[in-house]
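Remember, it's a predicted structure, so these values are computed and weren't measured experimentally. Residue numbers begin at 1 in each chain, while the letters A, B, ... track the order of the sequences.
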Amino acid sequence: MAVAALSVYTAYHYFMVDGKVNETYQSITALKYTWLYFGNGISIDMGITLDPISVMMLVVVSVVSLMVHIFSLGYMKGEERFSTYYAYLLLFTFSMLGLVLSSNIFQIYMFWELVGVSSYLLIGFYYDKPSAVAASKKAFIVTRFADLGFLIGILILGFQSGSLDFNTIIQRLTDLQSPQFIAITTASFLGVSLLTWALTLVFIGGAGKSAMLPLHIWLPDAMEGPTPVSALIHAATMVVAGVFLVARLFPLFAINHAALQIVTWVGAASAVFAAIIACTQTDIKRVLAYSTMSQIGYMMFALGVSGHGGENGLGYTAAMFHLFTHAFFKSLLFLCAGAIIHLVHSNEMKDMGGLRKYMPLTHIAFLTGCLAIAGVPPFAGFFSKEEILLAAYQSSKAIYAIALITSGITAFYMFRLYFSIFWNKETLLHNHHGEGTMSMKIPLIILSAGALLAGFVPFSHYITTDGKYLPNEFHPLFSIAPVLLALTAILFAFILYKKENDRPAKIVAAMGGLYKGAYRKFYFDELYNLITKKIIFNLIARPAAWIDKNIVDGLMNGIAAFTGWVSESIKGIQSGKVQNYALYFFGGIITLLIVFLYWWI
Amino acid sequence: MIEYLQLMKHELLLAVMIFLFLFLQLGNKKWERSSLLSFINLMLFFNLVAGFFFNEAGMLFGDMFRNTELIWFEKNLLNLGTLIISMQSYHWLMKQDHVIEFYLLLLSTLLGMFFMISSNNLLMFYLGLELSTIPLAALANFDLEKRTSSEAAMKLIMSSAFSSGLLLFGISMLYGTAGTLNFAELSQHISGTPLQIFSLILVITGFGFKISAVPFHLWTADVYEGAPVAVTAYLSVISKGAILFVFTSVLYSVFQPVAETWYRMIFVISVATMIIGNLFALRQQNMKRFLAFSSIAQVGFILIGISGSSPAGGASVIYFVLIYIFSNLGAFGVIALVSALAGKESVDDYKGFYKTNPFLSWVMALSLFSLAGIPPAAGFFGKFFLLLAGAGKGNYLLISIAALNMVLSLYYYLRIIKAIFMDSNENPIPKIHAGLQPRLAIFICMAGIIITGVAGGAYEYIRSLF
Amino acid sequence: MKGIPIEQILFVSTALFFIGMYGLFTRRNLITMLMAIELILNSVNINFVVFNKYLYPEKLDGIFFTIFIITIAAAEAAVAIAIIINLYRSHHSIDVEDAAEMKY
Amino acid sequence: MNLSIFILLPLLTALAMLAGKGLRQVRLIALTGASLQFILAFVLFFLYYKERAAGNSSMMLFEEDHAWFASLNIHYHIGVDGIAVAMILLTAFVVLAGVLVSWKMSRMNKEFFFLLLLLSVGAFGFFISLDLFTLFFFLEVAVIPKFLLIGIWGSGKKEYSAMKLALMLMAGSALVFVGLAGMYFNSHDASGAHTFNMLQLSQLHIDAAAQKIFFPFAFIGFGIFTALFPFHTWVPDGHSSAPTAASMFLAGISMKLGGYGCLRLVVLLMPDAAQYYSTVIIVLASIAILYGAFATMMQTDLKYINAYSSVSHCGFVLLGIGMLTKTSINGAVMQMVSHGLMTALFFACIGMIYDRTHTRQIKQLGGLLKVMPFISTVFVIAGLCSLGLPGLSGFVAEMTIFMGSWQHADAFYRIATIIACASIVVTAVYILRAAGKVIMGPVENNEHRLLSDAGWNEKMAAMLLIIGIVAIGVAPFWLNNLISF
Amino acid sequence: MTASQIIFYILSAFILGAAILSVTTRKIFRAAIWLLFSLISIAGIYFWMEVEFIAAVQIIVYVGGIVVLIIFSIFLTQQSGKEMAKAPISRTIASVLAVLFGFALTYLLIYKNEFKAGDGKFDMELSRIGTQMLSTGNNGFALPFEVVSILLLAAMIGCIVIAMNAKTKDK
């Protein structure tokens with residue numbers, strides 16, 4: 001609560017009162033303390049940076065986490081490890097705030113890791129469920145792998161720019177005269193300039209956290225965690241850290257086209273890919289997870305298509321905007337899902353249907369969320385999405401097409417979800433305990449409000465690439481197409497899932513392979529299993545262990561054995577016969593004679 | 001006349017004691033044995049103490065007998081060792097019926113060693129050598145009922161006669177080429193002609209036989225195993241120590257002109273000795289035999305010190321012998337007690353020894369660590385200085401071999417430790433109730449092992465004698 | 001020196017020495033081994049006497065050495081024979097091969 | 001401050017132990033001794049800071065120098081710099097924790113604690129000694145107690161492991177000896193006398209040719225102690241067979257002896273040769289890091305897992321040393337301290353688990369979080385530290401090493417660094433595998449449900465180490481300053 | 001070829017012949033006798049070299065002492081006239097080779113080494129030997145004399161101990 005209030009106040013203060021210096025939002029570094037000095041100028045300085053995006057994230061994180069805290073009061077009631085749960089939750093909030101506020105690329109890496117571990121702990125909260133454990137492991141290891149890239153990226157950036165401080169890095173590497181800039185752009189590895197390498201690696205880190213292709217596999221499994229957690233971490237905050245990271249280093253990306261291309265295409269691909277999969281999933285949380293993924297894809301390519309400064313910066317603004325709105329409606333959706341699961345005790349759609357009369361409030365909230373995400377005006381999603389589409393349109397038609405399609409699919413699967421939960425067949429629940437406590441309702445209400453209103457925030461006033469004001473023009477004509485598309489998709493879903501019927505089955509049959517592939521998430525898990533189990537374990541680790549046991553250690557034992565063998569085989573010398581002794585004695589003398597009289601004089 | 005008393009103090013004391021014991025034997029008054037032993041040990045103790053006073057350097061009988069501070073220090077060492085041994089063999093002697101003869105022979109060998117150490121002359125050296133060898137053969141036979149004992153005696157007398165024959169031939173050739181028996185003059189006449197190298201080799205083998213260096217060591221194991229524990233201890237510590245003293249001084253003084261040559265020989269011999277000794281020690285099952293081989297390996301290390309051919313080298317050798325007396329006698333003390341009171345000598349018998357005799361086990365452990373050269377036991381310092389002296393010649397091959405051999409030797413010492421501390425045994429050696437004198441002896445050894453190393457004084461003193 | 005060069009006398013002594021050694025190596029009977037040893041010592045005696053007489057006549061070192069060697073040889077022989085007798089009592093044989101229990 | 005007290009105190013404690021009767025007295029004495037050491041270590045730490053703050057810029061502080069074997073110019077010469085202080089702190093932590101963990105030592109407790117304290121004598125002496133002879137002396141002092149500890153109180157194929165450990169470490173010190181002798185005879189001070197004095201040696205600057213010859217001896221010798229590939233095989237067996245306290249000490253401290261030795265060698269004694277051989281060192285270290293990590297993945301015994309991960313982590317130490325940059329070497333020292341605490345904590349946990357469940361096989365364990373929450377939590381913390389989680393010591397150390405190693409622009413060094421970084425992921429994999437199976441998941445064996453959680457002594461031990469870990473992880477600057485004074 | 005040369009050759013031939021026989025004959029008693037002959041002829045050589053005293057000692061101690069001792073011990077230990085066991089052929093060959101080689105080597109060395117005859121006159125009357133034997137000054141052999149006496153004593157004691165035991169056994 002306090003956290004939330006504080007951060008909202010900060011935000012207000014920043015944006016309204018003293019943030020503006022001659023019409024530009026400066027980045028204020030509030031605190032700076034040398035935490036670890038690495039020599040020759042490089043050091044980790046713990047600091048707090050306030051600039052538009054960080055403040056925006058501040059708001060998002062604190063509000064959502066507050067909601068989740070409240071929600072959990074009801075949701076987690078009666079858990080034996082209630083307190084532990086909250087401890088973890090707070091740990092997460094702490095590290096997330098630290099992440100968004102950090103002023104130092106290394107500091108962000110540290111909180112990055114901390115976020116990862118708290119997500120690990122929360123996913124594995126039901127630790128006696130093997131699936132949960134597996135999921136948590138998966139999440140951590142995959143993100144860890146991505147972080148490897150991030151780390152190396154940090155190393156490169158840090159040493160090329162001679163500093164780890166964001167502002168310094170950006171300032172040094174963006175002015176084209178500075179020696180650092182020249183060094184990093186001229187120096188190249190495998191024919192690619194170091195800067196590209198660095199940014200790509202950093203982006204890999206971001207992609208890992210934000211579940212971009214192909215590092216997304218952990219996100220759906222992460223739904224093993226308690227639903228509020230999914231709402232907080234895997235919808236609103238942590239997963240957008242990747243986007244945040246890219247935004248943070250945006251000036252660098254902006255001057256490096258190659259890296260930006262990668263960002264764009266990865267984003268676009270994941271957006272559509274995830275959307276397709278989402279249509280086939282039956283576990284509601286998984287559907288939401290994939291939709292999250294696709295939305296983040298949105299943000300990513302929005303960043304990708306953006307330029308730097310002034311008008312070109314639209315995509316950037318749009319991405320941030322979408323991040324902002326998405327946080328609200330996606331967490332809303334998740335919380336609703338949580339409420340539903342709380343009621344039904346199952347994640348599977350088949351166990352649901354016609355729940356609207358059991359939980360009217362949830363029903364409304366969920367609907368709001370769906371509309372928002374589907375981009376139906378005047379819901380929040382509409383505005384942000386429009387901006388993104390616009391940005392995409394301005395930069396490349398292909399991306400625009402993808403985006404458009406994706407948004408259509410999004411609308412479809414969201415309403416598929418909606419209808420099959422709240423309408424469709426009637427399920428009757430015995431001894432159901434209402435819709436849940438007040439603590440569960442309030443967040444839904446607040447977030448619905450958010451989902452409804454967040455769109456009207458004049459975002460481009462606050463967050464732009466260069467901190468300057470960006471007039472946000474609104475083209476009604478442009479937005480016709482997407483809205484129509486969304487509505488048709490909703491209609492389609494309505495036809496298919498409003499009433500219980502066999503149309504879906506037919507279509508599935510028609511789709512055949514494609515459906516199957518999508519249903520099996522395009523076999524990514526299998527692929528990864530292949531790589532880890534078969535290759536890493538059987539082809540690297542096992543041989544390593546074997547070599548160690550038999551060759552390296554065998555060598556040592558072999559030496560010992562050999563010594564023993566020698567000592568066994570020469571025991572004959574000690575024959576116990578005096579005369580042999582005398583002979584050896586004499587032989588020794590003769591040898592000495594020969595050696596030292598004739599050979600080694 | 002007085003200077004005879006002063007210079008030959010050690011020898012005269014021994015001679016007096018020999019005759020005293022002789023009369024004790026002839027006088028038909030039968031003594032109560034334990035008191036007899038205590039009396040003898042007391043005498044030995046006085047002898048030891050007296051050894052520290054009225055010392056002065058000088059020559060007697062023309063060039064036959066010489067005494068320096070170093071020499072009488074060595075003699076005191078030998079006295080000390082003998083005292084310890086005789087105290088340790090208390091329980092064994094209690095069962096013997098030729099106690100006095102035992103001491104007569106023992107002391108006469110000791111006397112022989114003294115003469116040998118003080119000898120400044122090949123003749124005296126030879127006589128001392130024989131005097132310290134022939135009675136030992138008789139001593140080795142002292143367990144008159146045991147087959148192995150007489151076998152050991154036979155092997156000892158035969159091989160020693162053989163080796164002394166070779167030694168004599170060498171000496172005769174030396175005499176023939178140099179024309180004198182006196183050490184000082186010899187060193188001037190030695191120029192390294194082939195015949196002299198030949199005789200040098202023969203002399204070295206003569207020594208090598210005594211200190212059981214490979215390949216002249218083969219008698220050692222059998223004799224050690226067969227002989228009574230006391231005699232084995234005596235052989236492995238006292239006689240070996242005495243010979244080492246003489247060996248060092250002979251090499252350093254007489255054969256100085258051909259130092260390069262004998263350095264090479266010592267190098268070869270010491271490598272062979274270390275390796276062979278260790279390799280054989282690996283598989284020994286009898287404690288005494290095991291210690292025999294371990295002592296062979298030790299000789300290999302000592303030879304490295306000798307090969308340093310510098311004051312540091314000599315000092316390190318004598319220092320090591322000092323430590324070696326304590327360490328080896330510590331081990332032999334335990335073995336003597338066990339074999340006298342429990343009649344067990346095999347390594348397997350020592351399994352689970354710690355359960356019944358913790359104190360003796362620790363004594364054994366400490367002694368073995370000292371032998372293996374593990375700090376803080378004195379052996380560490382001894383070995384370190386030996387190798388350092390050897391390294392002074394810049395022959396790092398030798399040092400590396402030696403260092404690796406230390407690892408090898410550690411293995412078999414730890415084998416014993418393992419048997420004592422870790423293995424279990426259904427019928428372990430019963431609790432040993434040692435008499436006062438053996439316990440005293442063991443305490444002396446322990447004190448020696450701990451003090452002589454860490455307190456740097458001992459080495460510094462020895463070094464100051466060079 | 002009566003027309004006999006010293007080398008020839010030394011030839012005799014050396015030959016004697018190695019004959020003794022041969023005996024020592026090959027004789028299995030302990031007493032005969034002892035005899036062999038006596039031969040060895042004698043060869044050494046001859047050496048000493050020869051050297052003393054022909055090369056270094058002014059002093060009598062060699063002569064005395066010989067005397068002492070002879071004495072010691074006697075003592076050695078005595079002890080050896082005592083041991084041999086004892087061995088014979090315990091092993092009922094004076095064959096070295098039979099007295100080879102301790103080995104390896 | 002008189003440093004000899006660090007040798008005397010444990011020694012006296014050990015001797016007092018011999019007088020003690022029964023478990024009660026003995027462990028009380030041991031605890032007092034250990035805690036005194038602990039306090040002393042901190043006293044030293046603060047005094048050291050005070051001195052430095054006072055502007056004392058001499059290389060070593062609190063020096064003491066008595067001639068020991070004057071004729072050979074061997075001195076009993078002790079003193080500390082920041083690194084040594086850090087090591088001493090580490091030792092104090094681990095020894096105290098070790099004593100606490102083995103509180104309920106059932107049989108031959110007197111001997112056990114005696115040997116444990118003897119070990120600490122060795123470690124302290126090693127870290128404070130500035131004369132190579134003293135150094136070597138204490139290095140070997142610390143070998144045999146391990147043999148006995150493992151052989152007598154160990155588990156599994158203890159005799160074999162004990163023997164292997166003793167022999168390999170002895171081989172190591174043998175090589176070290178050759179190196180020492182080489183340095184000794186190639187050093188001629190003003191009076192032309194040879195010297196073992198490290199500081200003098202560093203000033204006299206042994207000529208490069210000699211360095212090239214003797215560096216490998218000494219380095220491999222020390223390397224064996226710190227599990228230099230391919231001489232690391234004593235580590236898994238030794239650690240896994242050792243009793244808890246012993247393996248804590250082994251992995252926590254005695255592997256650091258080697259690292260410390262290498263460090264001194266590289267920085268003080270033979271810098272030229274270090275330059276010359278650095279690539280070799282780095283290659284070996286990288287192999288150890290990655291290969292150790294992969295080998296760990298296949299292990300099924302908790303102690304083996306930790307042992308192999310120690311190989312991998314000590315690889316970091318060697319890497320940091322091999323990189324020869326100030327930063328990387330600082331990182332190496334940090335890694336030593338951090339790994340010392342972390343692995344000690346790990347072994348303590350495993351020991352606690354083993355005492356209760358009597359198994360270390362991952363297969364037979366599961367869901368311990370339900371049964372023994374405290375131990376499991378500690379286990380997880382240790383695990384997270386070992387996979388380098390920010391806020392715990394491991395992260396700081398590793399990052400420092402990476403930073404240091406990246407300073408070389410050359411591709412070779414970069415690749416080595418990247419390999420090292422990659423091992424972090426592998427580490428995560430095996431740690432999480434172990435934790436996931438042992439701590440989480442369903443309870444494997446229903447008898448385990450009855451087991452008790454940690455006792456007060458175990459709690460204290462664990463907390464002690466965790467405090468250390470967190471202190472470094474959260475505020476690394478104190479350690480960093482300490483080292484880089 | 002003077003008479004003395006002839007005498008020398010005869011004597012040395014006799015020495016070596018007897019020696020070889022004594023180490024090769026299969027009859028132990030004959031071996032003893034051959035040894036006796038060999039020793040006597042060595043005494044002969046001493047006479048030939050005009051060191052009568054040594055020759056006398058040789059005859060007294062060896063012929064009168066040691067050989068007799070040996071013969072007694074032969075009587076004690078086994079019945080004479082029985083063939084003695086042969087050494088294993090391998091060792092015989094080995095020792096033949098070793099001995100021949102060693103002899104060749106040694107004699108080569110001796111032969112190569114040119115001894116230069118001393119010029120001082122060589123006189124050894126008994127008186128001189130006696131005085132030197134008992135004088136303690138330079139060139140005095142009193143100390144060795146003492147040592148040897150102790151050695152003899154010790155040897156005697158040793159023999160007694162063992163022999164005494166033998167008696168007790170026989171009873």
| said: I'd like to know whether Asp548(A) forms a side-chain contact (heavy atoms from CB on, under 4.5 Å) with His232(D), so could you lay out the CA-CA distance, the side-chain angles of the two residues, the decisive distance to 0.1 Å, and finally the verdict. | reply: CA-CA 9 Å; Asp548(A) 195 67; His232(D) 61 275; 2.4 Å; yes
| message | Counting only non-hydrogen atoms closer than 4.5 Å, can you tell me which residues of residues 388-399 of chain D sit against chain A? | response | Gly388(D), Leu389(D), Pro390(D), Phe395(D), Val396(D), Met399(D)
| message | Ignoring hydrogens, what is the shortest heavy-atom contact between Pro230(D) and Val552(A)? Give both atom names and the distance. | response | O-CG1, 3.3 Å
| request: Please report the shortest heavy-atom distance between Tyr120(A) and Leu432(D), naming the atom on each side. | output: OH-CD2, 3.5 Å
| request: Check Leu164(A) against Met403(D) and note the closest heavy-atom contact, atom names and distance. | output: CD1-CE, 3.7 Å
| message | Please classify the contact of Tyr308(D) with chain A as side chain, backbone, both or neither, using a heavy-atom distance under 4.5 Å. | response | side chain
| Proximity breakdown for Lys164(D) and chain A, heavy-atom pairs closer than 4.5 Å | side chain
| field | Contact class of Phe106(A) relative to chain D, heavy atoms under 4.5 angstrom | value | side chain
| request: Measure distances from Ile547(A) to the heavy atoms of chain D and classify the residue's part below 4.5 Å as side chain, backbone, both or neither. | output: both
| message | Between Phe477(D) and Ile44(A), is the side-chain contact (heavy atoms from CB on, under 4.5 Å) condition met? List the steps. | response | CA-CA 10 Å; Phe477(D) 37 81; Ile44(A) 302 182; over 6 Å; no
| What is the distance from atom CD1 of Ile540(A) to atom CZ of Phe294(D), rounded to the nearest 0.5 Å? | 4.5 Å
| CZ/Phe231(D) to CE/Met556(A) distance, rounded to the nearest 0.5 angstrom? | 5.5 Å
| Relative to chain A, which segment of Ala475(D) carries a heavy atom at a distance below 4.5 Å: side chain, backbone, both, or neither? | backbone
| task | Count the heavy atoms of every other residue, nucleotide or ligand shown that sit under 6.0 Å from NZ of Lys157(D), and state whether that count exceeds 12. | result | yes
| said: Testing the basics here: between Ala295(D) and Ala544(A), what is the closest heavy-atom pair and its distance to 0.1 Å? | reply: N-CB, 4.1 Å
| note | Here the gap from Lys549(A) atom NZ to Gln299(D) atom CD, rounded to the nearest 0.5 Å, amounts to 7.5 Å
| note | Applying a strict 4.5 Å limit to non-hydrogen atoms, the region of Met163(D) in contact with chain A is neither
| note | Interface check, chain A: of Met297(D), Arg414(D), Lys437(D), Met298(D), most non-hydrogen pairs under 4.5 Å belong to Met298(D)
| query | Given a strict heavy-atom distance threshold of 4.5 Å, which part of Asn330(D) is in contact with chain A: side chain, backbone, both, or neither? | reply | neither
| residues 373-387 of chain D: residues contacting chain A (heavy atom under 4.5 Å, by number) | Leu384(D), Leu387(D)
| query | Tell me, side chain or backbone of Val426(D) under 4.5 Å from chain A's heavy atoms, or both, or neither? | reply | neither
| field | Toward chain D: residues of residues 122-129 of chain A with heavy atoms under 4.5 Å | value | Tyr127(A), Asp128(A)
| query | If you measure from CG on Leu155(A) to CD1 on Ile418(D), what distance do you get to the nearest 0.5 Å? | reply | 8.5 Å
| Positions in residues 145-153 of chain A that reach chain D, provided some heavy atom is under 4.5 Å away | Phe145(A), Leu148(A), Leu151(A), Ile152(A)
| query | In terms of heavy-atom proximity below 4.5 Å to chain A, should Gln407(D) be classed as side chain, backbone, both, or neither? | reply | both
